[in-house]
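Step one of this worksheet: look at the structure below.
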Amino acid sequence: MTALERAEVRDLLARIDERVKAIQEDIREINLSRRCAGHHVKIRTLERMVWGCLAGLAGLGARMLVETLR
């Protein structure tokens with residue numbers, strides 16, 4: 001690869017990187033403008049339910065292990 005080709009590739013990558021950053025910023029702005037408090041509460045509740053189920057399953061698994069080892 002010649003020095004000229006390398007420079008062209010470097011310039012192309014720089015432009016692609018700038019465009020990707022611009023797209024990411026646009027997406028971030030869209031997500032911030034569309035954020036809804038009601039959805040945030042629902043998501044938080046769902047997360048708590050999932051973690052509670054996982055904790056219950058872990059406890060059940062530990063109890064079964066203890067009973068098996070007796």
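- In this structure, Glu18 does not pair ionically with Lys21, as no charged nitrogen and carboxylate oxygen lie closer than 4.0 Å.
- Atom CZ in Arg70 sits 11.5 Å away from atom CG in Leu65 (nearest 0.5 Å).
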Using atom types as modelled, flag every donor-acceptor pair under 3.5 Å from a side chain in residues 42-54 to any protein atom, sequence neighbours excluded.
residue: Thr45; atom: OG1; partner: Val41; partner atom: O; Å: 2.9

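- At a threshold of 4.5 Å between side-chain heavy atoms, the hydrophobic network of Ile, Leu, Val, Met, Phe, Trp and Tyr places Leu12 and Val20 in one connected group.
- To the nearest 0.5 Å, atom CG of residue Asp11 and atom CD1 of residue Ile16 are 11.0 Å apart.
- One finds the CD atom of Glu8 at 12.0 Å from the CG atom of Leu13 (value rounded to the nearest 0.5 Å).
- With Glu29 contributing its side chain and Asp26 its backbone, the two residues share no donor-acceptor pair below 3.5 Å.
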